[in-house]
Amino acid sequence: MEKTGLIVFLVGIMLVIVIFILIIIFFSMKKSSAAVKRRRVKKAVKSEEVKVQHKKEYTIDDMLELVSDRNLSKSNLVSAINKMAKEFVFPRKFKGQMPEGAKKYLSFILLVASHKNADAKVIATMNATLKKVNKDYYSEIEMHESEGVRQREK
């Protein structure tokens with residue numbers, strides 16, 4: 001009889017220990033899922049911050065830095081050209097003379113035309129869109145485009 005009482009006592013203790021372990025596992029899983037949710041929320045907030053950062057105002061220097069990256073893809077080049085045409089109008093000429101700041105805008109054309117991922121279609125797109133927006137710079141655009149193509153051939 002005493003042996004059966006001892007066995008029942010040990011089984012009871014084992015049962016309490018197993019229940020205790022299951023409770024610990026349950027609560028730890030609940031905490032980890034809450035941590036995962038917090039990480040997801042943080043990632044969502046960061047992605048919103050990135051979207052807000054993409055809406056920042058770009059300068060001509062930012063555009064030059066972008067197209068000077070030799071690993072920039074063809075589609076990103078086209079996007080940069082479209083952004084340039086929409087948001088960056090070349091400085092007005094004064095009495096037929098180019099202002100000092102116009103050189104940066106023309107450097108953009110040179111960099112795109114000499115870019116390794118720029119093909120004839122990309123260059124033609126750039127040529128047409130930038131000439132349409134900046135009619136005063138027709139000859140300068142042609143000249144810098146030709147120079148860029150010549151540099152790319154080397």
Side-chain angles (χ1 to χ4, degrees), residues 15-154:
L15 189 61
V16 169
I17 291 173
V18 168
I19 291 172
F20 183 71
I21 290 173
L22 289 175
I23 291 172
I24 291 173
I25 291 172
F26 175 75
F27 282 114
S28 68
M29 289 178 73
K30 196 171 185 180
K31 285 182 183 178
S32 68
S33 69
V36 168
K37 286 179 184 176
R38 274 186 256 127
R39 275 189 246 132
R40 286 183 185 159
V41 169
K42 283 183 182 179
K43 283 183 182 178
V45 168
K46 283 184 181 180
S47 68
E48 288 299 319
E49 288 174 359
V50 168
K51 288 179 185 175
V52 170
Q53 286 177 349
H54 287 293
K55 292 181 181 179
K56 78 169 193 163
E57 293 293 320
Y58 286 95
T59 64
I60 187 63
D61 293 324
D62 294 333
M63 297 303 291
L64 289 172
E65 185 178 332
L66 178 70
V67 295
S68 64
D69 178 9
R70 290 294 166 196
N71 296 321
L72 193 66
S73 70
K74 181 179 172 180
S75 62
N76 287 341
L77 276 173
V78 172
S79 297
I81 292 167
N82 291 333
K83 186 171 197 64
M84 186 74 171
K86 289 178 186 172
E87 298 179 18
F88 295 91
V89 178
F90 287 27
R92 290 208 173 261
K93 288 184 175 181
F94 183 71
K95 295 183 181 179
Q97 296 294 320
M98 261 187 343
E100 188 66 30
K103 290 180 182 179
K104 288 183 177 182
Y105 293 82
L106 295 171
S107 294
F108 177 86
I109 295 167
L110 182 72
L111 286 169
V112 171
S114 64
H115 198 280
K116 71 177 185 176
N117 291 329
D119 59 7
K121 188 175 180 180
V122 171
I123 294 170
T125 301
M126 176 185 65
N127 189 334
T129 56
L130 292 180
K131 282 181 183 175
K132 185 169 41 172
V133 177
N134 305 293
K135 292 180 172 93
D136 293 346
Y137 286 89
Y138 186 89
S139 61
E140 289 87 354
I141 291 172
E142 280 289 323
M143 185 176 66
H144 282 78
E145 176 190 321
S146 298
E147 178 64 24
V149 171
R150 192 172 60 75
Q151 285 181 8
R152 190 174 57 143
E153 290 173 353
K154 287 183 180 179

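Only heavy atoms go into these numbers, but all of them, side chains included; no hydrogens, no water, no symmetry mates. All values reported here derive from a predicted model rather than from experimental measurement.
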Closest contact, heavy atoms only, Gly101 versus Pro91: C-CG, 4.2 Å

Where Ala80 and Leu66 come nearest, the two heavy atoms and their spacing: CB-CD2, 3.8 Å

Glu87, CD atom: more than 12 neighbouring heavy atoms under 6.0 Å: yes

Nearest heavy-atom neighbours spanning Tyr105 and Phe88: CE2-CB, 3.9 Å

Test salt bridge (Lys or Arg N to Asp or Glu O under 4.0 Å) applied to Glu140 - qualifying residues, sequence neighbours left out: Lys93

Leu22 and Phe26, any side-chain heavy atoms less than 4.5 Å apart: no

From His115 atom NE2 to Asn71 atom CG, the distance as rounded to the nearest 0.5 Å: 7.5 Å

Atom CZ of Arg92: over 12 foreign heavy atoms under 6.0 Å: no

Approximate separation, where rounding is to 0.5 Å, of Ile141 CD1 and Asp136 CG: 9.5 Å

Residues forming a salt bridge (Lys or Arg N to Asp or Glu O under 4.0 Å) with Glu147, sequence neighbours excluded: Arg150

For the student: nearest non-hydrogen atoms of Val112 and Ala118, plus distance: O-CB, 3.2 Å

Pairs involving residues 122-145, ordered by first then second residue, that meet ring pair (Phe, Tyr, Trp, His ring centres under 6.0 Å) (sequence neighbours left out): Phe90-Tyr137

For Ile23, side-chain contact (heavy atoms from CB on, under 4.5 Å) partners two or more places apart: Ile19, Phe27

Nearest atoms (heavy-atom pairs only) where Leu110 meets Gly148: CD1-N, 3.4 Å

Residue pairs fulfilling salt bridge (charged side-chain N to carboxylate O under 4.0 Å, His left out) with at least one residue in residues 94-116, sequence neighbours excluded: Asp61-Lys104, Glu100-Lys103

From Phe108 atom CZ to Lys83 atom NZ, the distance as rounded to the nearest 0.5 Å: 11.0 Å

Met84 side, atom CE; Ile60 side, atom CD1 - distance, nearest 0.5 Å: 3.0 Å

N/O donor-acceptor pair under 3.5 Å between Asp62 side chain and Thr59 backbone: yes

From Ile123 atom CD1 to Ser114 atom OG, the distance as rounded to the nearest 0.5 Å: 8.5 Å

Minimal non-hydrogen separation, Glu65 against Ser68, with atom names: O-OG, 2.8 Å

Cut-off 3.5 Å, no hydrogens considered: what does the side-chain donor-acceptor table look like for residues 72-79, sequence neighbours left out?
residue : atom : partner : partner atom : Å
Ser73   : OG   : Ser75   : OG           : 3.2
Ser73   : OG   : Asn76   : N            : 3.2
Ser73   : OG   : Asn76   : ND2          : 3.3
Lys74   : NZ   : Asp119  : OD2          : 2.5
Ser79   : OG   : Ser75   : O            : 3.1

